[in-house]
Amino acid sequence: LLFSGPGVSATYRNVWPGWYNVGGYVLNDAGVMLSGYDGKREAYDLAPLVGVRFEDTAGGFLEFDLLGDFRNRSLLSIVTRCMGSDREND
């Protein structure tokens, strides 16, 4: 799991710094990753991906296989490469 969140959120909009920067994980006060909460997981920044899956609470999903330069990169790396400094891709 790279990220979990509601479909509509005032926090996780395109301008949320966590999409484009390392960190911003869902942690407790002791720095331990919390499960069952919305937010970014460390794998978003670090895990080399071969594909991505977007899923909703009704069980609907969309899957993509990553090709070429995007394969084996983290989602953070892909997002920063594709978006650059553009934070208004609504």
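Counting from 1, the numbers follow the sequence of the chain as shown. Hydrogens, waters and symmetry mates are skipped; everything else that's a heavy atom, side chains included, is used. Note that the structure is a prediction, hence the values are computed from the model and not measured.
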For side chain to side chain contact (heavy atoms under 4.5 Å, CB included), just list the numbers for Tyr20 and Met83, CA-CA rounded to whole Å, side-chain angles, deciding distance to a tenth of an Å, and then say yes or no.
CA-CA 9 Å; Tyr20 311 98; Met83 295 296 292; 3.8 Å; yes
Report the C-alpha distance between Arg71 and Val50 in whole Å, list the side-chain angles of each, state the deciding distance to 0.1 Å, and finish with yes or no for side chain to side chain contact (heavy atoms under 4.5 Å, CB included).
CA-CA 5 Å; Arg71 193 171 185 85; Val50 295; 3.7 Å; yes
Output, in order, the C-alpha distance, side-chain angles, deciding distance and verdict of side chain to side chain contact (heavy atoms under 4.5 Å, CB included) for Leu76 and Val22.
CA-CA 8 Å; Leu76 174 64; Val22 172; 3.6 Å; yes
Start with the C-alpha distance between Ile78 and Leu66, add both sets of side-chain angles, then the distance that settles side chain to side chain contact (heavy atoms under 4.5 Å, CB included), and finish with yes or no.
CA-CA 10 Å; Ile78 293 168; Leu66 298 173; 3.8 Å; yes
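Put simply, the side chain of Thr11 reaches to within 4.5 Å of the side chain of Trp16, judged on heavy atoms. No side-chain heavy atom of Leu49 sits under 4.5 Å from any side-chain heavy atom of Phe70. In this structure the side chain of Leu1 reaches within 4.5 angstrom of the side chain of Arg41, judged on heavy atoms. Counting only heavy atoms from C-beta outward, the side chains of Ser74 and Leu46 never approach each other to under 4.5 Å.
Applying the ring pair (Phe, Tyr, Trp, His ring centres under 6.0 Å) criterion to Phe3, with sequence neighbours excluded, gives Tyr12, Trp19. Every residue was checked against the side-chain contact (heavy atoms from CB on, under 4.5 Å) condition with Leu67, not counting sequence neighbours, and none meets it. Remark: Asn28 pairs with Ala30, Val32, Leu34 by the side-chain contact (heavy atoms from CB on, under 4.5 Å) rule, at least two apart or across chains. Under the rule for a side-chain contact (heavy atoms from CB on, under 4.5 Å), Thr57 has no partner lying at least two apart in sequence or in another chain. In this structure, Glu42 has no salt bridge (charged side-chain N to carboxylate O under 4.0 Å, His left out) partners at least two apart in sequence or on a different chain. Remark: Arg81 engages Asp69 in a salt bridge (charged side-chain N to carboxylate O under 4.0 Å, His left out) (not counting sequence neighbours).
Asp45 has a carboxylate O that lies under 4.0 Å from a charged side-chain N of Lys40, or vice versa, which qualifies the two as a salt bridge.
Taking each heavy atom of Gly39 and Val26 in turn, the nearest pair found is CA-CG2, 3.2 Å.
A continuous path of hydrophobic side-chain contacts links Leu75 to Leu62 [ILVMFWY only; heavy atoms under 4.5 Å].
Proximity of a side-chain donor or acceptor of Ser9 to a complementary backbone N or O of Pro6 within less than 3.5 Å is not detected.
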